[in-house]
Amino acid sequence: MTVRTRFAPSPTGYLHIGGVRTALFNWLYARRHGGQFVLRIDDTDQQRNVDEALEPILHGFKWLGMDWDEGPDVDGPYAPYYQSQRQERYQAAAQKLIDDGLAYYDYSTNEEVQGEREAAQAEKRPFQYSRKWMAETEEQRKAFEAEGRSFVVRLKMPREGKCEFTDLVRGELSFDWALENDHVIQRSDGSCLYHLASVVDDYEFKISHVIRAEEHLPNTPRQIFIGQSLGFTIPEYAHLPYVAEPGSKRKLSKRKLEKYLKNPDFKKLNEHGQGIAERMNLTTTADSFNPVIVDFYEQVGYLPEAILNYLVLLGWSLDDKTEDFTVEEMIANFSLERVTKAPASFDGKKLFAFQDRYIQKLPLKQKTAKMLPYLQKAGLVAEPTPCDVGPKLGQIIEACGDRLKVAGDIIAYADYFFVADEDMQYDEKGFQKRLCKAGAKENLAKFREALAATDDWSKENLDKVLHQFVEAAEIKIGEIIHALRMAITGKPVGPGMFDCLAIIGKESCLKRIDQTLAKIDASCAS
RNA sequence: GCCCCCUUCGUCUAGUGGCCCAGGACGCCGGGUUCUCAGCCCGGAAACAGGGGUUCGACUCCCCUAGGGGGUACCA
């Protein structure tokens with residue numbers, strides 16, 4: 001049997017991180033078994049601009065490298081892959097169920113059924129529809145219609161026995177048929193509902209394994225009933241635990257951002273990304289730019305492999321120690337048997353740690369290629385790229401070392417390397433602390449002369465020059481180096497001092513020091 | 001209300017009756033190193049939800065309770 005799995009996104013305009021985890025498990029399972037991964041679009045007839053709302057989702061999949069074998073843009077033998085274009089099939093299935101006596105026309109009103117439901121609740125017994133308005137003959141239909149009633153189609157569920165099936169994650173499961181309701185499968189306007197559609201599609205697409213979130217577990221008996229009634233082979237089922245909210249066990253949702261931001265780790269992750277977006281002058285909205293949405297990570301400069309590695313461990317593990325997996329290793333090792341049963345909450349810190357590890361492993365050339373566009377978006381480097389930028393950026397990235405956690409971090413670290421001397425911005429707090437203190441100006445002025453007399457501008461030599469200066473002046477190294485950093489970078493923190501001096505170059509360094517000396521007179525209260 | 005699922009350090013997890021006074025990872029705390037930051041090195045705290053069984057022996061099996069989550073739509 002060929003393994004075929006599917007993921008069924010609805011065109012909402014964004015790709016949700018929890019959805020990606022579910023999709024990832026489907027994708028890995030298909031790839032692991034040499035099968036196919038299908039993307040089926042859960043749209044409805046009413047939805048407008050489906051293409052527009054779908055595009056960011058498909059883009060997200062592409063960015064992560066999760067390719068699909070059939071679906072939008074990839075035609076396959078079972079097209080169309082849009083549910084809105086498959087209504088006739090669902091209607092035919094509904095008709096067949098009626099013809100076989102496994103579904104029926106129901107002429108009840110909403111209020112009538114709701115009344116029965118409330119009565120059952122009041123008596124603390126399970127609700128079971130009385131089938132009072134069920135019409136199984138033409139005469140009954142005519143009679144109800146004469147009353148002016150309209151109909152829906154309901155499943156005629158069994159009222160005894162058990163529905164038993166094996167879930168690949170949870171094992172043997174058993175549900176009482178009598179507790180299942182006569183669910184509506186076709187609305188009064190003739191359109192069909194999700195459960196019917198889903199079962200019909202899974203069968204027609206020859207899906208072998210339905211791997212989906214836990215919320216569908218209680219729906220499974222009714223889907224099995226539909227499938228069996230239609231004479232379909234029933235797929236294997238695997239119900240995955242949720243990706244839960246940060247620090248909780250509740251299902252992660254798209255619209256509760258406010259609440260998640262109260263979680264310190266989530267907040268930090270978000271603020272870090274927002275900072276980068278600001279430096280790129282990106283206009284963001286909470287709806288489209290936050291850590292619950294995959295696009296956030298792409299914009300900010302995370303690596304897809306890091307995201308995937310983090311996500312695969314949300315509910316799955318190989319053993320007691322392996323944490324790092326390349327995509328190939330994930331594919332080679334993934335199994336449903338090792339999926340956990342309990343929900344896993346989203347942990348921004350851990351995701352960030354994976355990102356850190358992955359980006360540090362990246363060769364300099366690739367880092368440079370990934371980071372350059374960020375400097376351009378921030379307006380620090382022209383487009384097309386001037387030819388001296390590449391080597392310089394390489395030096396900067398090397399100097400920054402593991403301070404750069406995501407590609408977008410380069411902006412904050414590299415701005416003073418690319419900005420004109422006279423446009424350099426000073427961090428005011430740092431300026432006060434490091435340059436407005438006694439002796440700072442004098443030391444800086446003296447060291448300027450030492451630098452002016454230096455021709456060998458290599459960082460090794462600069463290191464030597466500074467140490468000689470410190471010794472001669474009989475001061476501690478900290479007394480000059482912090483002032484110097486402020487003077488030539490404008491910031492209190494950054495890469496190694498000698499790297500900075502070397503990269504900025506003699507001419508600019510002297511100019512910046514002069515500028516700074518002038519500013520000390522202007523800005524420091526005496 | 002009814003039905004279903006779940007429950008090991010703060011978080012992700014390992015553990016399928018003795019290898020576990022519970023292992024790894026992220027984070028956290030303390031100390032050291034460095035020109036700042038980021039690191040790096042050393043050390044540390046931190047969990048089997050509770051109660052009954054079964055067994056020579058239970059994190060592992062059974063039952064109950066509690067807690068958490070989900071479903072119960074002419075939503076998906």
Side-chain angles (χ1 to χ4, degrees), chain A residues 8-10 12 42-44 83 106 109-110 113-114 117-118 120-128 150-154 167 169-170 173-176 178-181 183-195 197-198 213-221 239 241-242 244 246-251 265 310 313-324 338 340-354 356-357 360 400-405 409 413 430 434 463 466 470 476-482 484-486 489 491-498 500:
Chain A
S10 33
T12 51
D42 259 0
D43 58 347
T44 61
Q83 290 200 317
D106 180 61
T109 63
N110 261 324
V113 178
Q114 189 53 30
R117 194 175 280 127
E118 279 162 15
Q121 205 172 108
E123 290 168 42
K124 303 189 177 189
R125 59 171 167 82
F127 164 64
Q128 195 172 53
S150 59
F151 68 87
V152 295
V153 177
R154 282 183 190 278
D167 184 284
V169 170
R170 283 150 216 281
L173 263 18
S174 165
F175 295 77
D176 275 335
L179 264 9
E180 281 291 318
N181 294 148
H183 293 282
V184 175
I185 53 172
Q186 190 176 105
R187 298 183 179 91
S188 46
D189 69 3
S191 63
C192 290
L193 262 32
Y194 169 77
H195 292 294
S198 181
E214 185 187 345
E215 63 193 296
H216 290 286
L217 189 53
N219 302 152
T220 307
H239 289 93
Y242 291 109
S248 129
K249 293 293 176 202
R250 230 157 303 150
K251 180 184 162 191
D265 303 322
Y310 171 70
L313 292 174
L314 237 38
W316 176 83
S317 69
L318 177 65
D319 53 30
D320 60 342
K321 42 180 70 73
T322 317
E323 288 254 304
D324 287 8
R338 293 197 58 86
T340 52
K341 297 186 183 77
S345 57
F346 179 84
D347 181 357
K349 288 189 310 268
K350 189 144 188 177
L351 192 165
F352 201 76
F354 272 104
D356 190 2
R357 227 176 313 158
Q360 303 320 335
C400 288
D402 43 32
R403 291 170 183 83
L404 302 167
K405 310 296 190 190
D409 283 337
Y413 276 102
R434 299 301 190 185
D463 192 327
L466 186 115
V470 163
K476 278 193 278 185
I477 195 165
E479 286 182 58
I480 177 68
I481 210 154
H482 297 121
L484 187 60
R485 175 183 300 284
M486 276 307 304
T489 72
K491 295 193 180 180
V493 299
M497 193 66 254
F498 306 109
C500 291

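Proteins get letters first, then strands, A, B, ... in listed order; numbering begins at 1 in each.
Of the two residues near RNA chain B, A:M497 and A:A342, the one whose nearest nucleotide lies more 5' is A:A342.
Using a 4.0 Å heavy-atom cutoff across all strands shown, A:F175 reaches sugar-phosphate atoms only and no base atom. In this structure, A:G478 reaches neither bases nor backbone, as no heavy-atom distance under 4.0 Å exists between it and the strands shown. If you check every strand for non-hydrogen atoms under 4.0 Å, A:D402 touches a base. Contact annotation for A:T340: backbone-only contact, meaning every heavy-atom pair under 4.0 Å involves sugar-phosphate atoms and none involves a base. Within the nucleic acid shown, A:P495 comes within 4.0 Å of at least one base atom, counting heavy atoms only. At a threshold of 4.0 angstrom between heavy atoms, the contacts of A:G315 are confined to the sugar-phosphate backbone, with no base atom among them.
Put simply, the side chain of A:R170 and the base of B:rC6 share no donor and acceptor less than 3.5 Å apart. No hydrogens or angles were tested; on distance alone, nothing pairs the side chain of A:K405 with the base of B:rA38 as donor and acceptor under 3.5 Å.
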Reading 5' to 3' through nucleotides 68-76 of chain B, protein heavy-atom contacts under 4.0 Å coded B for base, S for sugar-phosphate only, - for none: SSSSSSBSB

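Rounded to whole Å, the distance from CD1 on A:I477 to P on B:rU33 is 16 Å. At whole-Å resolution of the value, CD in A:Q360 and C1' in B:rC40 are 13 Å apart.
Base pairing analysis places B:rU36 opposite nothing; no Watson-Crick or G-U wobble pair with both distances below 3.5 Å involves it. Across all strands shown, B:rC19 forms no Watson-Crick or G-U wobble pair with both key distances under 3.5 Å. Using the Watson-Crick or G-U wobble rule with both distances under 3.5 Å, B:rA66 pairs with B:rU7.
Atom CD of A:Q83 is separated from atom CG of A:D43 by 7.0 Å, given to the nearest 0.5 angstrom.
With distances taken from any side-chain atom of A:K124 to the nucleotides B:rU13, B:rG1, B:rC5, the minimum falls on B:rG1. Side-chain proximity of A:H482 to the nucleotides B:rU36, B:rG39, B:rC6 is greatest for B:rU36.
Side-chain contact annotation: A:R485 with A:T489, donor-acceptor N/O pair under 3.5 Å absent.
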